[in-house]
Asker: 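So that we are looking at the same thing, I have put the structure below in structure tokens.
In what follows, every heavy atom counts, from backbone to side chain, and hydrogens, waters and symmetry copies are set aside. Just so we're on the same page: letters track the sequence lines, and every chain starts at 1. The structure displayed is predicted, hence computed values, not measured ones.
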There are 2 protein chains.
Amino acid sequence: MNNHSNDAPLTLRDVAAAAGVSLATADRVVNGRPGVSAKTAHKVHEAVQRLGFRPLAAAAELARARSWRFAVVLPGGGNRFMMDIADNIRAQADWFRARRIGVEIIEADVFDADTLAAELATLPGRFDGVALVALDHPRIRAAIDDLVDGGTAVVTLVSDAPTSRRQHYVGIDNIAAGRTAGSLVGRFLGPPRAGEAGGAVGIITGSGSLRDHAERRFGFGQVLSEEYPHLTRLIPVEGRDDPERNRDLVRRMLAGTPDLVAIYNSGEGSVGIGEALAEAGLARKILCVGHELTPATRRMLLDGTFAALVAQDPGHEARSMARVLHALVTGQEIVAAQEHIRVQVILRDNLP
Amino acid sequence: MNNHSNDAPLTLRDVAAAAGVSLATADRVVNGRPGVSAKTAHKVHEAVQRLGFRPLAAAAELARARSWRFAVVLPGGGNRFMMDIADNIRAQADWFRARRIGVEIIEADVFDADTLAAELATLPGRFDGVALVALDHPRIRAAIDDLVDGGTAVVTLVSDAPTSRRQHYVGIDNIAAGRTAGSLVGRFLGPPRAGEAGGAVGIITGSGSLRDHAERRFGFGQVLSEEYPHLTRLIPVEGRDDPERNRDLVRRMLAGTPDLVAIYNSGEGSVGIGEALAEAGLARKILCVGHELTPATRRMLLDGTFAALVAQDPGHEARSMARVLHALVTGQEIVAAQEHIRVQVILRDNLP
DNA sequence: CGAGTTTTGAGGTGCGCAACTCAAAAATTG
DNA sequence: CAATTTTTGAGTTGCGCACCTCAAAACTCG
């Protein structure tokens with residue numbers, strides 16, 4: 001970098017010398033151990049600042065010589081996106097082992113607050129770090145706060161509980177995701193033909209109670225009502241991320257909505273939508289936008305059934321979760337920019 | 001993970017014991033030092049496999065106790081995106097220092113093969129790793145190969161030279177990026193009105209000779225001719241990433257093309273396009289799609305001058321470059337999924 | 001078989017830090 | 001002022017590995 005980029009291997013010893021104290025004292029200050037006067041502590045801090053000292057990560061980690069236990073609480077039940085996250089966590093086995101981190105993936109019923117809370121209640125004391133797909137519910141918030149009180153680092157994953165005391169949220173801004181889906185639908189449909197009405201937009205959602213889905217519906221509705229008022233929004237229907245339920249919902253939607261021009265699925269199970277449209281011979285006639293890249297949505301993107309997907313990268317989320325928990329337990333700094341999870345737009349042409 | 005996730009701190013000592021050899025021999029095998037019979041080497045490898053041994057990253061790094069010198073060769077001349085990359089590299093100072101890596105950012109005229117080659121010729125021997133924005137030109141390929149021959153790890157950044165012997169490319173698939181831009185233009189314009197022609201699409205490019213720009217034009221043209229044949233493509237004009245040249249080009253384009261409906265800029269300097277359109281009172285009337293998120297393109301996305309941007313994340317690229325070079329020089333494995341740089345679509349609603 | 005070569009084992013050192021002990025020095029108190 | 005408390009210095013240990021030396025053991029070949 002600028003040539004002051006000191007490649008002289010700066011050690012704590014140098015800091016101690018610069019501050020005019022012993023190595024032991026410098027160590028006490030840097031590691032926050034007691035028994036140092038405010039004046040000396042200041043001298044050391046000043047030297048750290050001035051020299052730009054940072055403990056060599058490798059040496060610190062080696063010296064600490066302790067291992068960590070992390071738990072990741074994910075919804076069970078075959079949700080493809082969650083399975084992707086789990087796979088990506090497993091794919092990091094080497095990364096975890098190289099840092100002496102043991103990881104346990106716990107499947108739980110995330111849709112039921114009582115069950116999830118009971119599961120969380122078993123964790124305090126057993127883990128140094130916990131990541132969970134949170135239900136934003138008073139009981140869950142309390143369970144999270146209990147974990148934090150017990151000294152466990154807690155991050156929420158994919159769906160947040162912002163009023164809990166979790167240290168970090170690993171996931172996308174779901175309002176922005178919903179808005180993005182709304183803009184895609186609006187722009188792809190184009191302006192209304194002269195003299196015609198805009199048509200109806202069907203909305204399918206996973207669950208009425210998960211915060212991420214609610215935020216997506218909110219963002220989607222916001223954009224449509226503000227910028228594409230010629231489009232009629234149907235009342236959102238709940239498909240619980242289940243392809244079969246979604247298929248039935250779309251069948252009914254098609255039967256009851258002659259002017260249907262687009263369908264937005266804020267949850268999973270989009271494959272059921274494709275099936276219902278194919279049955280009716282309406283694939284590619286009705287504009288579809290959904291979420292998350294899975295084998296099924298990839299296929300439907302390629303064959304044109306879906307025009308676009310709004311997605312988050314499960315690999316990035318798994319790695320971010322790992323880095324953040326590791327940084328939290330070892331007291332390292334979190335690189336905010338690196339941990340920001342993007343709202344991705346995926347078309348057929350930029351499929352990864 | 002599965003409960004065989006051995007959190008017993010597995011060391012090389014354990015491997016040696018399991019293989020029935022001494023620590024020294026195990027060490028020789030693992031670190032590829034000579035003087036071990038094929039039979040014993042096999043025993044050790046087998047034990048490594050069976051126990052799933054991986055050297056503890058921190059200990060390995062500490063023991064190696066050597067420092068590295070990296071050089072990053074970027075185009076000079078105020079290109080905003082390249083400045084972002086440079087800023088992101090500087091922002092990683094701590095990361096580099098914690099790994100004993102000294103980084104030098106070298107500004108060079110990337111558009112001129114001779115100058116760039118001369119610059120590259122000074123590097124062999126002075127650096128352990130080099131990242132560069134490559135010009136895909138025989139002389140540059142030769143310079144890259146010289147570096148590799150001299151034992152320097154080389155990665156290309158943003159623009160590739162695939163036939164050189166560089167170990168890795170950090171950047172996006174530019175054909176996909178161009179295709180994505182093409183699809184956005186085609187879809188946002190919508191189907192042609194009955195009885196009307198589709199209109200003309202202007203194409204501005206940065207340089208005719210940089211590979212990334214050429215690939216983008218190719219991908220863009222591919223999609224437009226295949227899927228939106230009703231649109232006329234104008235001949236690409238070269239703006240050299242310069243806002244003022246771009247402004248003049250667009251002025252001329254507007255004057256000479258009454259049926260202009262969209263402009264695609266495959267390079268930088270999009271702000272000049274916005275200025276020319278504003279002058280003519282045509283902002284938001286003509287669809288614009290460009291590349292890269294900068295303060296200027298962000299503004300134009302927000303005010304509607306640009307409908308969408310196709311972008312790559314300079315932060316991700318800077319970090320990926322650092323990780324890859326570090327992995328290459330220390331002989332660690334590269335996590336392919338983590339280093340894949342995505343082609344991002346940015347609308348007003350998913351602006352980071 | 002012996003001389004030479006190759007392979008193996010034993011052991012040491014240091015990387016930079018965290019975490020600790022113990023004693024000496026300095027500051028504080030009655 | 002002495003007695004006590006607080007602060008500081010000096011030193012040790014071990015984290016797991018890379019890298020090195022030296023000698024012993026196991027082979028090879030004429």
Asker: Check ring-ring contact (aromatic ring centres under 6.0 Å, His included) between B:His168 and all other residues, then give those that pass, not counting sequence neighbours.
Answerer: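 Residues passing ring-ring contact (aromatic ring centres under 6.0 Å, His included) with B:His168: none at all.
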Asker: Whole angstrom is fine here: how far is it from CG in B:Leu56 over to P in C:dC17?
Answerer: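 In whole Å, C:dC17 P lies 17 Å from B:Leu56 CG.
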Asker: With the threshold set at under 4.0 Å for non-hydrogen atoms, list the residues of residues 22-37 of chain B touching DNA chain D in residue-number order.
Answerer: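 Heavy-atom cutoff 4.0 Å gives B:Asp27, B:Arg28, B:Asn31, B:Arg33.
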Asker: Side chain of A:Ala60 only, heavy atoms from C-beta on: which candidate in D:dC15, D:dC17, C:dC17 is closest?
Answerer: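 Comparing D:dC15, D:dC17, C:dC17 against the side chain of A:Ala60, the answer is C:dC17.
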Asker: Is the backbone N or O of A:Arg165 less than 3.5 Å from a side-chain atom of A:Asp145, with the two atoms forming a donor-acceptor pair by type?
Answerer: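 Here the side-chain-to-backbone pair exists.
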Asker: Figure out the CH2/C1' separation between A:Trp68 and D:dC15, and round it to whole Å.
Answerer: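 One finds 14 Å between C1' of D:dC15 and CH2 of A:Trp68, rounded.
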Asker: Not counting sequence neighbours, which residues clear salt bridge (Lys or Arg N to Asp or Glu O under 4.0 Å) with A:Arg319? List them please.
Answerer: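 In terms of salt bridge (Lys or Arg N to Asp or Glu O under 4.0 Å), with neighbours along the sequence ignored, A:Arg319 is linked to no residue.
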Asker: For B:Leu62 and D:dG16, give me the distance from atom CG to atom P, rounded to whole Å.
Answerer: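 From B:Leu62 CG to D:dG16 P: 12 Å.
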Asker: Write down the distance between CG (A:Leu12) and P (D:dG9), rounded to a whole number of angstrom.
Answerer: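 The distance from CG of A:Leu12 to P of D:dG9 comes to 13 Å, rounded to the nearest Å.
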Asker: Below 30° counts as parallel, above 60° as perpendicular, anything between as tilted: where do the rings of B:His316 and A:His316 land?
Answerer: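 Because their plane-to-plane angle is under 30°, the rings of B:His316 and A:His316 count as parallel.
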Asker: For the pair made of CZ in A:Arg100 and P in D:dG14, what is the distance, rounded to whole Å?
Answerer: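 Computing the A:Arg100:CZ to D:dG14:P distance gives 15 Å.
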Asker: Just how far, in rounded Å, is C1' of C:dA18 from CZ of A:Arg13?
Answerer: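 One finds 14 Å between C1' of C:dA18 and CZ of A:Arg13, rounded.
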Asker: Within the 3.5 Å criterion, strictly below it, is a donor on A:Gln312 or A:Arg342 matched to an acceptor on the partner's side chain?
Answerer: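 Checked: A:Gln312/A:Arg342 side chains show no N/O donor-acceptor pair below 3.5 Å.
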Asker: Mind calculating the distance between CZ (A:Arg54) and C1' (C:dG16) to the nearest angstrom?
Answerer: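 Taking CZ of A:Arg54 and C1' of C:dG16, I get 15 Å after rounding.
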Asker: Using five base pairs at each end to define the local axes, how bent is the helix from C:dC1-D:dG30 to C:dG30-D:dC1, to the nearest 10°?
Answerer: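 Taking five pairs per end, the axes differ by 20°.
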Asker: List, one per line, each side-chain donor-acceptor pair under 3.5 Å for residues 26-36 of chain A, sequence neighbours excluded.
Answerer:
| from | atom 1 | to | atom 2 | distance (Å) |
| --- | --- | --- | --- | --- |
| A:Asp27 | OD1 | A:Asn31 | ND2 | 2.9 |
| A:Asp27 | OD1 | A:Arg33 | NH2 | 3.2 |
| A:Asp27 | OD2 | A:Arg33 | NE | 3.4 |
| A:Asp27 | OD2 | A:Arg33 | NH2 | 2.5 |
| A:Asn31 | ND2 | A:Asp27 | O | 3.3 |

Asker: Compare all side-chain heavy atoms of B:Ile334 with those of B:Leu328 and state whether any distance is below 4.5 angstrom.
Answerer: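 SC-SC contact between B:Ile334 and B:Leu328 confirmed.
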Asker: Who passes salt bridge (Lys or Arg N to Asp or Glu O under 4.0 Å) against B:Asp173, sequence neighbours left out?
Answerer: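 With sequence neighbours excluded, B:Asp173 shows a salt bridge (Lys or Arg N to Asp or Glu O under 4.0 Å) to no residue whatsoever.
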Asker: Check this for me: A:Arg13, atom CZ, are more than 12 non-hydrogen atoms of other residues, nucleotides or ligands nearer than 6.0 Å?
Answerer: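 Incorrect, the count does not exceed 12.
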Asker: Choose from C:dT7, D:dG16, D:dG9 the nucleotide whose nearest atom is closest to any side-chain atom of B:Ala59.
Answerer: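 Of the options given, the side chain of B:Ala59 lies nearest D:dG16.
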